[in-house]
Amino acid sequence: MNDLVLRENRDGAAILTLNRPAKLNALSKDLIETLEEHIDHIARETKTVGLVILRGAGGNFSSGHDMTEVLSQVKARANPQPVISAVQGHCSTGALELALAADLIVASASACFTDAYARWGLTPIWGLSLRLPHRIGTAKAAEMMYTCRRYSGAEAFEMHLANFCFADEEFEAGLAGLAADILANSWYSNRVDKRALIESDGLTLRDAHALSLFKNEGLAPDAAQRVARFFKQRKPGP
């Protein structure tokens, strides 16, 4: 693979860094294809990777599409592991679509979220028109899409676009703490929960309940050890 996307393994997390800092990590065809290669590999590494963190080099997530290229043939892919989009700096158009494809979005206070497709006479190609209203509501999504205004990380958190917003100087510590919380839990259970959330989305409660009954994955392989460790750590009562 080339160095357009860098990978680092850290304590069970695979950290993927979009690496075109001179172009504000603009999404070129080669960068997206490299990202897809990493994602394909990580999807098969469920025993060694329990979380994926996607971020950008040089203090920016991504400025969005590289305007010199046509990316209509590229689609965002899903991972079985939970995925965090760690957003600092710019997160515009295609980059916003990429961030929305993750399970959680973590923003720095000074991050800048923009849906600027209409400014360029473009239209979403990776599902933004579905994911954005699903996450923040139709009215707020319409506001973002029609006005092409910029929203800070704090504003993104207030409208539920971002799950967490950390002060710039606390961003790395906050992100690390969230990753540690996720990785401390059963990776198997997290994968099952993610699949259940995806497959039950849009179903009625009755249909979703039936799905969970017939597709229940059972206990995690380490469930017995986790329960035993819990009782071992409990202090005897008075």
Side-chain angles (χ1 to χ4, degrees), residues 4-6 15-29 31-32 34-35 52-69 71 74 76 83-179:
L4 290 173
V5 178
L6 305 178
I15 303 170
L16 299 179
T17 303
L18 308 180
N19 189 39
R20 295 183 77 199
K23 295 285 188 178
L24 300 181
N25 304 316
L27 303 176
S28 67
K29 180 176 180 293
L31 184 149
I32 291 296
T34 303
L35 179 61
V52 180
I53 299 174
L54 180 63
R55 61 187 313 171
N60 283 293
F61 184 70
S62 171
S63 60
H65 296 306
D66 189 324
M67 298 301 289
T68 64
E69 295 191 12
L71 302 173
V74 182
V83 178
I84 295 173
S85 287
V87 179
Q88 296 171 282
H90 292 284
C91 183
S92 179
T93 57
L96 179 56
E97 297 215 51
L98 194 59
L100 285 166
D103 300 289
L104 301 173
I105 296 177
V106 179
S108 65
S110 64
C112 179
F113 293 84
T114 313
D115 175 8
Y117 275 120
R119 182 178 299 154
W120 308 110
L122 303 174
T123 56
I125 59 175
W126 294 340
L128 180 143
S129 57
L130 301 175
R131 289 191 174 106
L132 187 60
H134 186 74
R135 182 177 271 266
I136 67 174
T138 302
K140 201 66 178 179
E143 176 187 315
M144 288 190 71
M145 296 169 79
Y146 298 161
T147 66
C148 299
R149 288 180 177 176
R150 298 179 179 182
Y151 298 81
S152 69
E155 290 171 321
F157 175 71
E158 290 175 1
M159 69 171 101
H160 304 294
L161 175 57
N163 297 85
F164 298 88
C165 177
F166 298 112
D168 292 357
E169 65 275 12
E170 299 173 359
F171 181 78
E172 296 298 340
L175 177 61
L178 175 62

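In what follows, every heavy atom counts, from backbone to side chain, and hydrogens, waters and symmetry copies are set aside.
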K.L.:
Between the side chain of R131 and the main-chain N/O of W126, is any donor-acceptor distance below 3.5 Å?
P.N.:
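Yes, the answer is positive, given that a donor and an acceptor are paired below the 3.5 Å cut-off.
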K.L.:
Judged by atom type as modelled, is there a donor-acceptor pair below 3.5 Å linking the side chain of E97 to the main-chain atoms of G127?
P.N.:
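Confirmed, E97 side chain pairs with G127 backbone.
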K.L.:
What I'd like to find out is whether the side chain of L128 reaches to under 4.5 Å of the side chain of L96, using heavy atoms alone.
P.N.:
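The answer is yes, as the side chains (C-beta and beyond) meet within the 4.5 Å cut-off.
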K.L.:
Answer yes or no: is there an ion pair linking K29 with D66, defined by an N-O contact shorter than 4.0 Å?
P.N.:
no
K.L.:
When you measure from the side chain of S62 to the backbone of N25, do you find a donor-acceptor pair of N or O atoms at a distance under 3.5 Å?
P.N.:
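Here the side-chain-to-backbone pair exists.
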K.L.:
Report yes if the side chains of L161 and L132 come closer than 4.5 Å at any heavy-atom pair, otherwise no.
P.N.:
yes
K.L.:
Just so I know, are the side chains of F61 and H90 near enough to count as touching, which here means a heavy-atom distance under 4.5 Å?
P.N.:
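The answer is no; the side chains never approach within 4.5 Å.
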K.L.:
Between D115 and R149, is the salt bridge (charged side-chain N to carboxylate O under 4.0 Å, His left out) condition met? List the steps.
P.N.:
CA-CA 7 Å; D115 175 8; R149 288 180 177 176; over 6 Å; no
K.L.:
Mark yes when over 12 heavy atoms from residues, nucleotides or ligands other than R135 sit less than 6.0 Å from its CZ; otherwise mark no.
P.N.:
yes
K.L.:
Any Lys/Arg nitrogen of E172 or R55 sitting under 4.0 Å from an Asp/Glu carboxylate oxygen of the other?
P.N.:
yes
K.L.:
Contact between L100 and I105 at the side-chain level, heavy atoms closer than 4.5 Å - yes or no?
P.N.:
yes
K.L.:
Taking only residues two or more places apart in sequence, or in another chain, which ones meet Y117 in a ring pair (Phe, Tyr, Trp, His ring centres under 6.0 Å)?
P.N.:
H65
K.L.:
Applying the side chain to side chain contact (heavy atoms under 4.5 Å, CB included) test to D103, which of I84, V52, V83 qualifies?
P.N.:
V83
K.L.:
Is a side-chain N or O of T114 found less than 3.5 angstrom from the main chain of A116, in a donor-acceptor match?
P.N.:
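No, because the side chain of T114 does not come within donor-acceptor range (under 3.5 Å) of the backbone of A116.
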K.L.:
Would you say the side chain of N19 lies within less than 4.5 Å of the side chain of L31, judging by non-hydrogen atoms?
P.N.:
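No. Closest side-chain heavy atoms not under 4.5 Å.
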K.L.:
Under the 3.5 angstrom rule, does the side chain of N163 hit a backbone N or O of V106 as a donor-acceptor pair?
P.N.:
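Judged by distance alone, no pair lies under 3.5 Å.
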K.L.:
Keeping N60 on the side-chain end and L24 on the backbone end, is there a donor-acceptor pair under 3.5 Å?
P.N.:
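Not a single qualifying donor-acceptor pair exists.
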K.L.:
Looking only at heavy atoms, which two atoms of S129 and P133 are closest? And how far apart?
P.N.:
O-CG, 3.0 Å
K.L.:
Side chain to side chain contact (heavy atoms under 4.5 Å, CB included), that's the test. Do K23 and S63 meet it? Break it down for me.
P.N.:
CA-CA 8 Å; K23 295 285 188 178; S63 60; over 6 Å; no
